[in-house]
There are 2 protein chains.
Amino acid sequence: MSRIHVTLKDIARVAGVSTATASLALAGDPRVNVKTKRLVEEVAKRLNYVPNEIGRSLRAKKAETIAFIFPNSPHFAFTHPYFSQLLEGISEVLVENSFHLMLSVAPSEANESAAYDKILRNRRADGIILWPASIRDRNIMKIVESGFPVVYLGRWHHEEIATVEREDIGGAYKATDHLLKQGRKRIVHLSGPQEYQVSIDRLEGYKRALQEHKVLLDPAFVMEKDFSMEGGAEAVKELLASGMRFDAIFSANDRMAIGAMKELQESGIRIPEEVAIVGYDNIEMAAMMSPGLTTIDQPMKEIGRLAAAKMMAMLSEEDVGELRTVVPARLIIRGTA
Amino acid sequence: MSRIHVTLKDIARVAGVSTATASLALAGDPRVNVKTKRLVEEVAKRLNYVPNEIGRSLRAKKAETIAFIFPNSPHFAFTHPYFSQLLEGISEVLVENSFHLMLSVAPSEANESAAYDKILRNRRADGIILWPASIRDRNIMKIVESGFPVVYLGRWHHEEIATVEREDIGGAYKATDHLLKQGRKRIVHLSGPQEYQVSIDRLEGYKRALQEHKVLLDPAFVMEKDFSMEGGAEAVKELLASGMRFDAIFSANDRMAIGAMKELQESGIRIPEEVAIVGYDNIEMAAMMSPGLTTIDQPMKEIGRLAAAKMMAMLSEEDVGELRTVVPARLIIRGTA
DNA sequence: AAAGTTAATTAAAACGATTTAAATTTTGAA
DNA sequence: TTCAAAATTTAAATCGTTTTAATTAACTTT
C-alpha cells in the first residue's frame with residue numbers, strides 16, 4: 001500500500017541537501033561534488049525514488065509521449081488485421097527511448113476536429129503519428145499545417161511532411177504483372193473505397209501494369225467494395241450473375257480476396273485453374289487458405305518502427321534523413337496465382 | 001503554426017480578471033458572478049483556449065489516463081487476434097469519459113518489474129487494466145498489492161481484486177460437451193502453455209465435461225502446445241505418427257484448431273466425419289474456413305468496455321458493483337462439429 | 001449610521017520537478 | 001594572513017493549473 005509518493009524534496013531532506021542539489025545530482029550535472037552526488041543517488045535508490053513525470057513535463061514543456069491517431073472510425077481502424085503489428089513496431093522504438101504511447105481514436109466524425117485540436121494543444125503528446133484518413137478529411141490537413149511534429153503513414157501530396165509510406169502503386173503493379181505474365185488477360189480489380197489513398201494507388205498500379213502489357217482496361221472490371229470479406233463475396237456474386245468472363249482477380253486487400261475465394265469455391269470454380277487470385281497485405285489468414293493466397297507483403301512492424309524512429313529524430317532535432325521513406329512491397333507466391 | 005499556447009493567464013488578462021476567477025468561471029463555480037462567467041467564457045472561446053492537462057494533472061494529482069499493460073512479451077500480446085477488439089472496447093469507454101489511454105508493453109522480462117514500478121509511481125496513469133500474464137509472474141502480484149486501482153482481465157486467486165473474466169471453464173465445458181453429445185469419445189485436447197490461467201481453466205472444463213459424461217480421461221490425449229497454428233499442425237502430425245485413434249479435437253484456441261484442421265485435411269482425413277473439431281475464440285478466420293470452424297465466442301469488445309467502466313467507477317469512487325464480472329462464453333456451431 | 005451578512009473577487013500557496021542566478025564555501029597563490 | 005578565483009550549493013523563479021483563505025464590495029438590519 002505504498003500510496004505515499006517519495007518526491008525529490010524527500011530525497012533532499014534525507015540527504016541533507018537542497019532540492020536543487022538533489023535534482024542536479026540525479027541529472028548528473030558536473031557542478032555537484034562527487035561525494036554529494038553519490039550520497040543523493042544512494043538515498044534515491046534506498047527510498048525507491050521515481051520522479052514524477054507530470055511535474056517534469058510541466059517544467060520541461062515536454063510530455064515524452066507520442067500519440068498514435070486514427071482519424072477513421074474506431075471500428076475500421078481496429079479491425080485492420082495489421083494494426084497490431086504497426087503498434088508493435090511503434091511501441092518497441094518508443095520503449096527504447098523511454099517514451100510513452102498514447103492511443104487516440106476520434107470518438108466520432110462530428111467532434112473529430114475538436115479531439116485533434118485538444119491533443120494538439122493540451123500538450124499531452126509531443127508528436128503525432130497519423131494513420132491515413134479519407135482523402136476528404138480536412139482535419140488531417142489542420143494537424144499537418146499546425147506545425148506540430150507529425151509522421152504520416154501514407155502518401156501525402158505536399159512535400160514538407162515526414163512520411164513512411166507503403167509502396168502501393170508498385171505493389172499493385174507487381175501483383176497485376178504477376179497475373180499478366182501467366183497469360184491472364186481478363187483481370188478483375190477489387191478496389192477499396194476510392195476515398196482512401198491506398199485504394200487510389202492500388203488501382204493505379206493495376207492500371208499501369210495493364211498498360212505496360214498493352215491490355216486494354218475494361219472499366220467494368222474495376223469493382224469498388226469496402227475492404228470486407230463480405231464485399232469480396234458480393235463482388236464475385238455480381239460478376240457471376242452478370243455473366244462476364246474473367247480469369248483472374250487482383251484484390252486491394254486479403255480480406256476481400258478471401259471472401260471472393262470462398263464464393264468462387266462455393267460456385268465450383270477452380271482456383272487457380274479457372275480464376276487466379278492475388279490479394280494484398282499478407283495477413284495471417286492468407287497462408288492458411290486452401291490453396292494458399294498469393295499476396296503482397298508489407299512489413300507493417302517495420303513501418304511502425306521507422307515511423308517512431310523518424311519521430312524520435314524530429315523531436316531531438318537530429319537529422320531526420322529522408323523526409324519520405326518508402327517501404328517496398330514484396331510478392332508472396334502461394335497457390336492461388 | 002499556432003505553437004504559442006494560450007494559457008489561463010492570457011484569458012484572465014484579456015478578460016480583466018484574476019486567474020483564480022477565470023479558473024473558477026470556467027469550472028462553473030457558483031461563486032462567480034454570471035456576467036463575469038459569461039465574459040470569461042466568451043474570451044476563452046475567442047482565443048481558442050485549451051487547458052493544459054499537464055498543469056491540471058500536477059495540481060489535481062490525477063492524470064485522467066489509464067494504462068493498459070501487457071505483462072507478456074510484446075509479440076505474444078499483440079498477435080492475439082482479439083487484442084484489437086479488447087482495445088476498441090476499452091477505448092470507447094475512455095473516450096466517453098474524456099480519459100486517455102496509455103499503452104504499455106513491458107520491454108523485456110528483465111526490466112519488467114522496473115517498468116511497472118515506474119508506471120505505478122510516476123503518476124502518469126490513474127489506474128491500470130492488466131492483461132493476464134503467466135501465473136508465475138511475480139510482478140503482477142506486486143502491482144495488485146500496491147493498492148493501485150487495477151482491473152485484471154482474468155481469474156485471480158484472491159478475493160480483493162476487481163476482475164472481468166471470461167468463462168473459460170464453462171466455455172471449455174460447453175465445447176467438450178458438444179462433442180460428447182455427438183457420440184465422440186476419443187477427444188484430444190490441444191492445450192495452451194500451462195503457465196497461463198486460461199490454459200489451466202480450459203483444460204479443467206474439458207476434464208469436467210468428460211467426467212460428467214463418464215468418459216475416462218486419457219492423459220495422452222492432452223497435448224500442450226503454444227497457441228500457434230504451427231503448434232496445432234504439429235500436434236496432429238504427432239498424433240498421426242503415434243497411431244493413436246481419435247475422433248475429435250477440442251483446441252484451446254482457434255489458431256491451433258486451424259493449424260490442426262489444415263494438417264488433417266492434407267492427410268486426407270475428413271472433417272467432421274472422421275475427426276470433429278471445436279476451437280476457442282471465434283476469430284474472424286474461423287468463419288472463413290471450409291468447413292467453418294465450430295468454436296466458442298467471447299465478446300472481447302464487451303469485456304474491454306466492462307473493464308474500462310469498472311475502472312471509471314473505481315476512480316470516481318462510485319459503487320463498483322460486483323468486484324468480479326464473469327462474461328459468458330457462447331458456442332458457435334459451424335461445420336467442423 | 002454602525003454592525004452584521006452575503007456576494008464576488010483575488011492573492012497566494014500548492015502540485016513536483018528543473019534551472020538560473022546568486023550565495024556560499026573551498027582552494028590556491030601572493 | 002588575505003584575496004581572488006574556482007568549486008559547490010542553494011534560494012527562488014518557473015511551468016499552468018486549482019483551491020483555500022483572505023479581502024473587498026454590496027446589501028441588510030437594527
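In what follows, chains carry the letters A, B, and so on, assigned in the order in which the sequence lines appear, proteins first and then strands, with residues in each chain numbered from 1. Just so you know, these numbers use all the heavy atoms, side chains as well, and skip hydrogens, waters and symmetry mates.
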Show which side-chain atoms of residues 11-20 of chain A pair as donor or acceptor with protein atoms under 3.5 Å away, not counting sequence neighbours.
from, atom 1, to, atom 2, distance (Å)
A:Arg13, NH2, A:Asp10, OD1, 3.0
A:Ser18, OG, A:Ala20, N, 3.4
A:Ser18, OG, A:Thr21, N, 3.1
A:Ser18, OG, A:Thr21, OG1, 3.0

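- Taken to the nearest 0.5 Å, the CZ atom of A:Arg324 stands 9.5 Å off from the NZ atom of A:Lys310.
- B:Val327 is linked by a side-chain contact (heavy atoms from CB on, under 4.5 Å) to B:Val164, B:Pro299, B:Ile303, B:Leu306, counting only residues two or more places apart in sequence or in another chain.
- For A:Arg56, the side-chain contact (heavy atoms from CB on, under 4.5 Å) criterion is met by A:Pro51, not counting sequence neighbours.
- In terms of the salt bridge (Lys or Arg N to Asp or Glu O under 4.0 Å) criterion, residue partners of B:Arg124 (sequence neighbours excluded) are, by chain and number, A:Glu53.
- For the contact set between residues 19-37 of chain A and DNA chain C, defined by any heavy atom under 4.0 Å, the members are A:Ala20, A:Ser23, A:Leu24, A:Arg31.
- Within residues 47-59 of chain B, the residues that have a heavy atom under 4.0 Å from DNA chain C are, in order of number, B:Leu58, B:Arg59.
- Side-chain atoms of A:Asn52 come within 3.5 Å of backbone N or O of A:Ile54 as a donor-acceptor pair.
- With sequence neighbours excluded, no residue forms a salt bridge (Lys or Arg N to Asp or Glu O under 4.0 Å) with A:Arg59.
- No side-chain heavy atom of A:Trp131 sits under 4.5 Å from any side-chain heavy atom of A:Ile69.
- With rounding to the nearest 0.5 Å, the separation of OH in B:Tyr152 from CD1 in B:Ile129 is 14.0 Å.
- Taking the side chain as every heavy atom from C-beta outward, B:Ile128 and B:Val151 never approach each other to under 4.5 Å.
- One atom, NZ of A:Lys62, and another, P of D:dG16, lie 15 Å apart when rounded to the nearest Å.
- Each end of the helix from C:dA1-D:dT30 to C:dA30-D:dT1 gets its own axis, taken as the rotation carrying the C1' atoms of four end pairs onto the next four within a five-pair window, and the two axes meet at 70° to the nearest 10 degrees.
- Taking atom NZ on B:Lys61 and atom P on D:dT19, their separation rounds to 13 Å, with Å as the unit.
- A 4.0 Å heavy-atom criterion places the boundary nucleotides of DNA chain C facing chain B at C:dA8 to C:dG16, written 5' to 3'.
- Taking the side-chain contact (heavy atoms from CB on, under 4.5 Å) definition, one finds that B:Arg31 meets it with B:Leu24, B:Asp29, sequence neighbours left out.
- Every side-chain contact (heavy atoms from CB on, under 4.5 Å) that B:Lys62 has, sequence neighbours left out, goes to B:Ala60, B:Asp126.
- For A:Glu42, the salt bridge (Lys or Arg N to Asp or Glu O under 4.0 Å) partners are A:Arg46, not counting sequence neighbours.
- Atom CG in A:Leu39 sits roughly 10 Å away from atom P in D:dT9 (whole-Å rounding).
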